[in-house]
Amino acid sequence: MSQETQIEINVLTSLSQISETEWDRCACPEALGRPPIDPFTTHRFLKALEDSQSVGSGTGWTPHYLQAKLGDDTIGVAPLYGKSHSQGEYIFDHNFAQAFENSGGHYYPKLQMAVPHTPATGRRLLVRPEHQEVAQSALVQAAVQLAAENELSSLHVTFCTAEEAEAGAQMGLMPRRSQQFHWINNGYKTFDDFLADLSSRKRKNIRKERAQAQSFGGQIEVLTGDEIEPHHWDAFWVFYQDTGARKWGTPYLTRQFFGEAHAHLRQDMLLVLAKRDGRYIAGALNFIGQNTLFGRYWGCTQDFPCLHFELCYYQAIDFAIAQGMQRVEAGAQGAHKLARGYLPVATHSLHWFGDAGFSQAVARYLEAEREAVDDEINVLTSYGPFKTLTVEEQQ
């Protein structure tokens with residue numbers, strides 16, 4: 001009997017059914033005494049979503065976490081959710097849903113292997129390194145079987161790593177490519193080192209924007225860990241509500257999430273706040289990974305020129321350089337990030353559809369889309385802010 005046939009799969013409806021140690025041994029085995037590569041698949045982050053009712057009943061995100069066990073040993077886990085809509089995913093499948101419904105099917109519910117409300121690349125097949133191949137295969141087979149047995153339209157694994165996308169494609173899932181804007185640290189020691197790599201015009205523009213932002217008439221506070229206090233979340237909740245109402249109609253995260261974050265996630269967070277006349281008027285929230293800073297949320301109650309760019313992008317770069325981090329992920333969309341030193345990079349997802357004919361049609365679409373995304377990345381990169389070296393300078 002092979003090792004794979006001995007693997008037992010459990011479907012958990014709450015992270016209370018598995019210990020933090022057991023989950024994190026799979027989710028972030030690299031985090032012994034250090035931050036995880038990213039905090040979003042840790043037990044503490046996913047449980048904060050659950051305990052704050054940002055996922056669960058009434059949210060359209062119903063937990064069905066997978067646990068792969070070999071004997072008494074957990075060798076893999078996965079954040080899996082039943083979805084009754086496509087909100088909070090950031091890999092857009094509304095065209096799939098419309099086509100499926102138009103052909104007489106029911107697109108929802110579907111299964112989503114993802115971190116809710118979080119367009120950040122990271123591992124989705126959370127397996128112990130010594131069991132990687134067999135545990136990944138078991139988790140994918142279990143997710144597909146769960147979808148098929150319950151006659152669900154589809155399974156989607158979103159913002160997975162490039163390595164997972166390749167492995168998933170070999171297991172029969174369909175790979176999809178999208179793009180985001182990331183800032184890459186090319187060994188910079190200071191912000192001026194970064195600016196020196198830009199064309200003269202872009203360099204001057206960024207200096208002008210930073211000067212404009214700093215003239216808003218107040219102070220900028222950069223807080224992390226125990227520097228963050230409960231009243232900071234009172235202010236940030238107002239900013240988050242304003243942005244959420246404008247972008248999504250209803251904010252995805254509840255107020256309770258920020259209370260859970262204060263209790264359990266402060267060390268994973270960087271909060272950048274602008275204060276004027278004794279009141280906070282704008283803020284940006286980032287999450288801290290081992291080598292990456294993840295920009296997540298922004299909002300304001302007063303609008304000042306370039307303050308958004310300063311709090312979200314330039315302060316993030318300052319922090320990343322000071323901490324020796326390799327990149328800043330600035331979240332979903334936003335071509336305006338290009339002029340501020342954030343370059344287009346590919347992001348990955350995997351998809352499965354139970355209907356064979358529909359699956360074939362999607363496969364053709366995704367093949368053409370991948371080519372279009374690659375072309376877009378090449379074109380956007382050519383319009384980037386970095387200066388072009390002459391032949392003599394390259395030598």
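No experiment lies behind these values; they were computed from the predicted model shown.
Residues S19 and T21 have side chains that never bring a donor and an acceptor to within less than 3.5 angstrom of each other. Side-chain contact check for E22 and T74: at least one donor-acceptor pair (N or O, by modelled atom type) lies under 3.5 Å. Side chain to side chain, Y280 and H232 meet the donor-acceptor criterion of an N or O pair below 3.5 Å. For the residue pair Y108/S86, the side-chain donor-acceptor check at 3.5 Å is satisfied. For the residue pair N95 / Y365, a side-chain donor-acceptor distance below 3.5 Å is found, with atom types taken as modelled. For S137 and E133, the side-chain atoms include no donor-acceptor pair closer than 3.5 Å. For Y314 and E209, the side-chain atoms include at least one donor-acceptor pair closer than 3.5 Å. For T347 and Q179, the side-chain atoms include no donor-acceptor pair closer than 3.5 Å. Residues T121 and E329 bring no donor and acceptor atom of their side chains to less than 3.5 Å of each other. K110 and S84 share no side-chain donor-acceptor pair at under 3.5 Å.
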What do the steps show when you test S14 against E50 for side chain to side chain donor-acceptor pair (under 3.5 Å), and what is the final call? CA-CA 8 Å; S14 171; E50 189 180 313; 2.5 Å; yes
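Note on ring orientation: taking the six-membered ring where Trp is involved, the planes of H156 and F353 are perpendicular (angle over 60°, cut-offs 30° and 60°). Y188 and W183 have tilted rings, their planes meeting at an angle from 30° to 60° on a 0 to 90° scale.
For R255, the CZ atom is densely surrounded, since the number of other residues' heavy atoms within 6.0 Å is greater than 12. Residue Q256 qualifies as enclosed at atom CD: its count of foreign heavy atoms under 6.0 Å is above 12. E227 CD: more than 12 foreign heavy atoms inside a 6.0 Å radius. Heavy atoms from other residues, nucleotides or ligands lying under 6.0 Å from CD of E30 number more than 12.
A donor-acceptor pair under 3.5 Å is absent between the side-chain atoms of R177 and the main chain of P175, judged by distance alone. Without hydrogens or angle criteria, H85 side chain to T59 main chain gives a donor-acceptor distance under 3.5 Å. Listed for the W352 side chain is no donor-acceptor partner under 3.5 Å among the backbone atoms of A147. Side-chain atoms of Y240 come within 3.5 Å of backbone atoms of L253 as a donor-acceptor pair (strictly under, hydrogens ignored). The closest donor-acceptor contact from the side chain of Q67 to the backbone of I18 lies at 3.5 Å or more, if one exists at all. Put simply, the side chain of R266 never gets that close to the backbone of L270: no donor and acceptor are under 3.5 Å apart. Of the possible donor and acceptor atoms, none in the side chain of K69 sits under 3.5 Å from a partner among the backbone N and O of I7. Under the 3.5 Å distance criterion, the side-chain polar atoms of Q132 are left unmatched by any main-chain donor or acceptor of P129. No donor-acceptor pair closer than 3.5 Å links the side chain of E260 to the backbone N or O of L49.
For F236 and Y297, the ring centers sit 6.0 Å or farther from each other. In this structure, Y313 has its ring center closer than 6.0 angstrom to the ring center of H336. The six-membered or imidazole ring of F294 lies near that of F40, with a centre-to-centre distance under 6.0 Å.
Taken from NZ in K202 to CZ in R207, the straight-line distance is 15.0 Å, to the nearest 0.5 Å. The NZ atom of K83 sits 13.0 Å away from atom CG of L152, with the distance rounded to the nearest 0.5 Å. Atom CG of N185 sits about 10.5 Å away from atom CZ of R327, to the nearest 0.5 Å.
A salt bridge is defined here as a Lys NZ or Arg NE, NH1 or NH2 lying under 4.0 Å from an Asp or Glu carboxylate O, and R176 with E369 meets this definition. Salt bridge status for K387 with D197: absent, with no side-chain N to carboxylate O gap under 4.0 Å. Using a 4.0 Å cut-off between charged side-chain N and carboxylate O, D193 and K189 make no salt bridge. Using a cutoff of 4.0 Å between basic side-chain nitrogens and carboxylate oxygens, D192 and R203 are not scored as salt-bridged.
Contact of the P116 side chain with the Y252 side chain is not registered, since no non-hydrogen atoms from C-beta on lie closer than 4.5 Å. Looking at Y90 and T158, their side chains never come closer than 4.5 Å, going by heavy atoms from C-beta outward.
Within the hydrophobic cluster formed by Ile, Leu, Val, Met, Phe, Trp and Tyr side chains joined at under 4.5 Å, directly or through other members, V373 is accompanied by I377. Cluster partners of F92 are absent, since no Ile, Leu, Val, Met, Phe, Trp or Tyr has side-chain heavy atoms less than 4.5 Å from it.
Scanning both residues, E8 and N10, for their nearest heavy atoms gives OE2-OD1, 3.0 Å.
Applying the ring-ring contact (aromatic ring centres under 6.0 Å, His included) definition to pairs two or more places apart or across chains, none involves residues 134-155. Under the salt bridge (charged side-chain N to carboxylate O under 4.0 Å, His left out) criterion, the residue pairs touching residues 288-314 are R210-E310, with sequence neighbours excluded.
For the salt bridge (Lys or Arg N to Asp or Glu O under 4.0 Å) test, no residue two or more places apart in sequence or in another chain qualifies with K208. Applying the side chain to side chain contact (heavy atoms under 4.5 Å, CB included) criterion to D24, with sequence neighbours excluded, gives E20, A27, C28, T42, H43, R44.
Taking the centre and axis of the six-membered ring of F309, the NZ or CZ atom of R340 falls inside the cone set by 45° and 6.0 Å.
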